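Below you'll find the structure, written out as C-alpha coordinates, and then a few comments.
Values in this document were obtained by computation on a predicted structure and should not be read as measured data. So that the names make sense, note that chain A is the first sequence line, chain B the second, and so on, each numbered from 1.
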Amino acid sequence: GESVGLHLPTLSVQEGDNSIINCAYSNSASDYFIWYKQESGKGPQFIIDIRSNMDKRQGQRVTVLLNKTVKHLSLQIAATQPGDSAVYFCAVQGAGNNRKLIWGLGTSLGVNP
Amino acid sequence: DAGVTQSPTHLIKTRGQQVTLRCSPKSGHDTVSWYQQALGQGPQFIFQYYEEEERQRGNFPDRFSGHQFPNYSSELNVNALLLGDSALYLCASSLRLAGGQVRVTQYFGPGTRLLVL
(Lines give C-alpha, C1' and ligand atoms only; values in the text may rest on other atoms or scores of the structure.)
Protein backbone atom coordinates (compact mmCIF):
# COMPACT_ATOMS: atom_id res chain seq x y z
CA GLY A 1 0.00 0.00 0.00
CA GLU A 2 0.93 3.64 -0.17
CA SER A 3 3.06 5.07 2.57
CA VAL A 4 4.47 8.39 3.65
CA GLY A 5 7.51 8.66 5.90
CA LEU A 6 9.74 11.25 7.48
CA HIS A 7 13.46 10.92 7.94
CA LEU A 8 13.68 12.39 11.44
CA PRO A 9 11.14 12.19 14.26
CA THR A 10 12.68 15.18 16.03
CA LEU A 11 14.62 18.26 14.96
CA SER A 12 16.20 20.89 17.16
CA VAL A 13 17.38 24.25 15.78
CA GLN A 14 18.62 27.56 17.13
CA GLU A 15 16.30 30.53 16.92
CA GLY A 16 17.04 32.45 13.72
CA ASP A 17 18.46 29.45 11.87
CA ASN A 18 16.75 27.81 8.93
CA SER A 19 14.92 24.50 9.43
CA ILE A 20 14.51 21.73 6.90
CA ILE A 21 11.98 18.94 7.43
CA ASN A 22 11.94 16.04 4.98
CA CYS A 23 9.29 13.62 3.77
CA ALA A 24 9.33 10.64 1.42
CA TYR A 25 6.37 9.02 -0.31
CA SER A 26 5.96 5.73 -2.09
CA ASN A 27 3.45 6.28 -4.91
CA SER A 28 4.96 7.97 -7.93
CA ALA A 29 1.45 8.80 -9.20
CA SER A 30 0.70 11.03 -6.19
CA ASP A 31 -0.10 14.50 -7.42
CA TYR A 32 -0.82 16.74 -4.44
CA PHE A 33 1.21 17.36 -1.31
CA ILE A 34 0.48 19.36 1.82
CA TRP A 35 2.40 20.38 4.90
CA TYR A 36 0.56 20.79 8.19
CA LYS A 37 1.71 22.16 11.54
CA GLN A 38 0.23 20.79 14.75
CA GLU A 39 0.80 22.56 18.03
CA SER A 40 0.22 20.80 21.30
CA GLY A 41 -3.48 20.38 22.05
CA LYS A 42 -4.61 21.69 18.67
CA GLY A 43 -5.68 20.30 15.34
CA PRO A 44 -3.34 20.38 12.33
CA GLN A 45 -3.01 23.76 10.64
CA PHE A 46 -2.47 24.09 6.88
CA ILE A 47 0.92 25.63 6.03
CA ILE A 48 1.55 25.23 2.32
CA ASP A 49 0.78 22.87 -0.54
CA ILE A 50 2.27 21.95 -3.90
CA ARG A 51 1.05 20.08 -6.96
CA SER A 52 3.10 17.61 -8.94
CA ASN A 53 3.44 20.00 -11.89
CA MET A 54 5.66 22.22 -9.72
CA ASP A 55 8.97 21.60 -7.98
CA LYS A 56 9.03 24.62 -5.68
CA ARG A 57 6.52 26.87 -3.99
CA GLN A 58 7.13 29.68 -1.54
CA GLY A 59 5.01 31.17 1.19
CA GLN A 60 5.75 33.52 4.02
CA ARG A 61 9.02 32.22 5.54
CA VAL A 62 8.24 28.73 4.21
CA THR A 63 9.27 26.95 1.03
CA VAL A 64 8.23 23.51 -0.15
CA LEU A 65 10.45 21.59 -2.56
CA LEU A 66 9.24 18.57 -4.48
CA ASN A 67 11.56 16.04 -6.14
CA LYS A 68 9.39 13.61 -8.04
CA THR A 69 12.38 11.63 -9.30
CA VAL A 70 13.23 10.40 -5.82
CA LYS A 71 9.71 10.89 -4.41
CA HIS A 72 10.83 13.35 -1.78
CA LEU A 73 9.54 16.65 -0.52
CA SER A 74 10.85 19.06 2.04
CA LEU A 75 9.63 22.01 4.06
CA GLN A 76 12.07 24.82 4.67
CA ILE A 77 11.38 27.39 7.38
CA ALA A 78 13.48 30.53 7.23
CA ALA A 79 14.61 32.34 10.39
CA THR A 80 12.96 29.82 12.70
CA GLN A 81 11.14 31.35 15.65
CA PRO A 82 9.99 29.88 18.99
CA GLY A 83 6.42 29.99 17.68
CA ASP A 84 7.43 27.50 15.00
CA SER A 85 7.85 24.79 17.64
CA ALA A 86 5.31 22.11 16.73
CA VAL A 87 4.93 18.75 15.02
CA TYR A 88 5.05 19.01 11.24
CA PHE A 89 3.26 16.50 9.04
CA CYS A 90 3.42 15.96 5.32
CA ALA A 91 0.26 14.60 3.72
CA VAL A 92 0.10 13.11 0.24
CA GLN A 93 -3.00 12.70 -1.86
CA GLY A 94 -3.41 9.30 -3.45
CA ALA A 95 -3.67 9.08 -7.20
CA GLY A 96 -6.56 7.93 -9.40
CA ASN A 97 -9.81 7.12 -7.65
CA ASN A 98 -8.13 7.06 -4.26
CA ARG A 99 -8.13 10.71 -3.25
CA LYS A 100 -7.61 10.17 0.46
CA LEU A 101 -4.80 12.00 2.18
CA ILE A 102 -2.04 9.74 3.48
CA TRP A 103 -0.16 11.23 6.39
CA GLY A 104 3.39 10.78 7.59
CA LEU A 105 4.31 10.26 11.24
CA GLY A 106 5.42 13.81 11.87
CA THR A 107 8.62 15.62 12.84
CA SER A 108 8.70 17.43 16.16
CA LEU A 109 10.54 20.75 15.72
CA GLY A 110 12.07 22.36 18.80
CA VAL A 111 13.52 25.88 18.70
CA ASN A 112 16.26 26.80 21.16
CA PRO A 113 16.40 30.47 22.22
CA ASP B 1 -15.93 33.58 10.10
CA ALA B 2 -16.09 30.57 12.40
CA GLY B 3 -13.58 27.83 11.83
CA VAL B 4 -14.20 24.15 12.40
CA THR B 5 -15.67 23.44 15.82
CA GLN B 6 -15.90 20.14 17.66
CA SER B 7 -17.61 18.97 20.81
CA PRO B 8 -16.95 17.82 23.40
CA THR B 9 -13.28 18.70 23.90
CA HIS B 10 -12.64 15.76 26.20
CA LEU B 11 -14.54 12.58 26.96
CA ILE B 12 -14.01 9.57 29.21
CA LYS B 13 -15.83 6.31 28.51
CA THR B 14 -15.52 2.69 29.58
CA ARG B 15 -15.08 -0.36 27.39
CA GLY B 16 -18.23 -1.46 25.61
CA GLN B 17 -19.88 1.93 25.75
CA GLN B 18 -20.92 4.01 22.78
CA VAL B 19 -19.83 7.57 22.00
CA THR B 20 -21.00 10.36 19.69
CA LEU B 21 -18.69 13.18 18.64
CA ARG B 22 -19.87 16.30 16.85
CA CYS B 23 -18.40 18.64 14.28
CA SER B 24 -19.45 21.87 12.60
CA PRO B 25 -17.52 22.68 9.43
CA LYS B 26 -15.95 25.97 8.51
CA SER B 27 -18.44 28.44 7.07
CA GLY B 28 -18.96 27.75 3.36
CA HIS B 29 -17.60 24.20 3.48
CA ASP B 30 -19.76 21.22 2.60
CA THR B 31 -17.48 18.21 3.05
CA VAL B 32 -16.49 16.74 6.39
CA SER B 33 -13.76 14.19 7.04
CA TRP B 34 -13.02 12.40 10.30
CA TYR B 35 -9.59 11.27 11.48
CA GLN B 36 -8.27 9.31 14.43
CA GLN B 37 -4.90 10.41 15.79
CA ALA B 38 -3.16 8.20 18.32
CA LEU B 39 -0.51 9.74 20.54
CA GLY B 40 2.68 10.39 18.58
CA GLN B 41 1.15 9.33 15.28
CA GLY B 42 -0.20 11.08 12.22
CA PRO B 43 -3.95 11.31 11.65
CA GLN B 44 -5.59 8.18 10.21
CA PHE B 45 -8.51 8.75 7.83
CA ILE B 46 -11.81 7.27 9.05
CA PHE B 47 -14.35 8.50 6.49
CA GLN B 48 -15.62 11.48 4.55
CA TYR B 49 -19.16 12.81 4.20
CA TYR B 50 -20.64 14.91 1.45
CA GLU B 51 -24.31 15.52 0.64
CA GLU B 52 -25.23 13.55 3.75
CA GLU B 53 -23.62 10.38 2.43
CA GLU B 54 -20.41 8.56 3.26
CA ARG B 55 -18.20 9.00 0.18
CA GLN B 56 -14.89 7.46 1.20
CA ARG B 57 -13.82 5.22 4.03
CA GLY B 58 -10.50 4.31 5.55
CA ASN B 59 -9.54 1.03 7.16
CA PHE B 60 -11.84 1.21 10.19
CA PRO B 61 -14.38 -1.38 11.37
CA ASP B 62 -18.14 -0.96 11.15
CA ARG B 63 -18.16 0.07 14.81
CA PHE B 64 -17.25 3.48 13.42
CA SER B 65 -20.19 5.16 11.73
CA GLY B 66 -21.16 8.67 10.90
CA HIS B 67 -23.81 11.03 9.77
CA GLN B 68 -23.98 14.37 8.01
CA PHE B 69 -26.89 16.74 8.45
CA PRO B 70 -28.45 19.16 5.93
CA ASN B 71 -26.52 22.05 7.52
CA TYR B 72 -23.26 20.11 6.75
CA SER B 73 -22.50 19.39 10.40
CA SER B 74 -21.50 15.84 11.18
CA GLU B 75 -21.40 13.21 13.89
CA LEU B 76 -18.99 10.36 14.46
CA ASN B 77 -20.35 7.38 16.37
CA VAL B 78 -18.24 4.61 17.83
CA ASN B 79 -19.92 1.53 19.27
CA ALA B 80 -18.56 -1.14 21.61
CA LEU B 81 -15.58 0.98 22.59
CA LEU B 82 -12.20 -0.68 22.99
CA LEU B 83 -9.20 0.54 24.95
CA GLY B 84 -7.44 1.04 21.61
CA ASP B 85 -10.04 3.59 20.56
CA SER B 86 -8.46 6.09 22.94
CA ALA B 87 -7.19 8.87 20.71
CA LEU B 88 -7.69 12.41 19.48
CA TYR B 89 -10.55 12.50 16.99
CA LEU B 90 -10.20 15.24 14.42
CA CYS B 91 -12.79 16.68 12.12
CA ALA B 92 -11.71 18.45 8.95
CA SER B 93 -13.83 20.40 6.51
CA SER B 94 -13.29 21.22 2.87
CA LEU B 95 -15.20 22.44 -0.15
CA ARG B 96 -16.26 20.25 -3.03
CA LEU B 97 -15.76 22.06 -6.31
CA ALA B 98 -18.10 22.09 -9.29
CA GLY B 99 -17.84 18.79 -11.11
CA GLY B 100 -17.50 16.86 -7.87
CA GLN B 101 -13.80 17.23 -7.30
CA VAL B 102 -13.02 18.00 -3.69
CA ARG B 103 -10.37 20.46 -2.67
CA VAL B 104 -8.25 18.37 -0.42
CA THR B 105 -6.96 21.37 1.49
CA GLN B 106 -8.69 20.63 4.72
CA TYR B 107 -9.20 22.80 7.77
CA PHE B 108 -9.12 21.00 11.07
CA GLY B 109 -10.95 21.51 14.31
CA PRO B 110 -9.22 21.28 17.70
CA GLY B 111 -10.28 17.66 18.12
CA THR B 112 -12.04 15.62 20.79
CA ARG B 113 -9.77 13.66 23.09
CA LEU B 114 -11.39 10.34 23.94
CA LEU B 115 -10.13 8.16 26.76
CA VAL B 116 -11.50 4.63 27.06
CA LEU B 117 -10.97 2.97 30.44
Mind listing the closest non-hydrogen atom pair of B:Leu90 and A:Gly43 along with its distance? CD2-CA, 3.9 Å
Could you tell me which portion of A:Gln45 (side chain, backbone, both or neither) has an atom closer than 4.5 angstrom to a non-hydrogen atom of chain B? neither
How about NZ on A:Lys68, more than 12 heavy atoms from neighbouring residues, nucleotides or ligands closer than 6.0 Å, or not? yes
Salt bridge (Lys or Arg N to Asp or Glu O under 4.0 Å) contacts touching residues 70-84 of chain B (sequence neighbours left out): B:Arg22-B:Glu75
Going from CD on B:Gln44 to CG on A:Leu101, what distance comes out if it is rounded to the nearest 0.5 angstrom? 12.0 Å
Non-hydrogen side-chain atoms of A:Gln38 and B:Leu88 separated by less than 4.5 Å: yes
Does CG in B:Leu39 sit with more than 12 non-hydrogen atoms of other residues, nucleotides or ligands closer than 6.0 Å? no
So, A:Tyr36 versus B:Phe108, ring centres under 6.0 angstrom or not? yes
Can you tell me which portion of B:Arg57 sits under 4.5 Å from chain A's heavy atoms? Options are side chain, backbone, both or neither. backbone
May I ask you to check whether over 12 heavy atoms, not counting those of A:Gln60, lie within 6.0 Å of atom CD? no
Could you check whether any side-chain heavy atom of B:Tyr35 comes within less than 4.5 Å of a side-chain heavy atom of A:Trp103, counting everything from C-beta outward? yes
Across all chains, not counting sequence neighbours, the side-chain hydrogen bond (donor to acceptor under 3.5 Å, both in side chains) partners of A:Ser40 are none
Quick one: what part of B:Gln37 sits under 4.5 Å from any heavy atom of chain A, side chain, backbone, both or neither? side chain
Report whether B:Trp34 and B:Leu95 are members of the same hydrophobic cluster (ILVMFWY, side-chain heavy atoms less than 4.5 Å apart, transitive linking). no
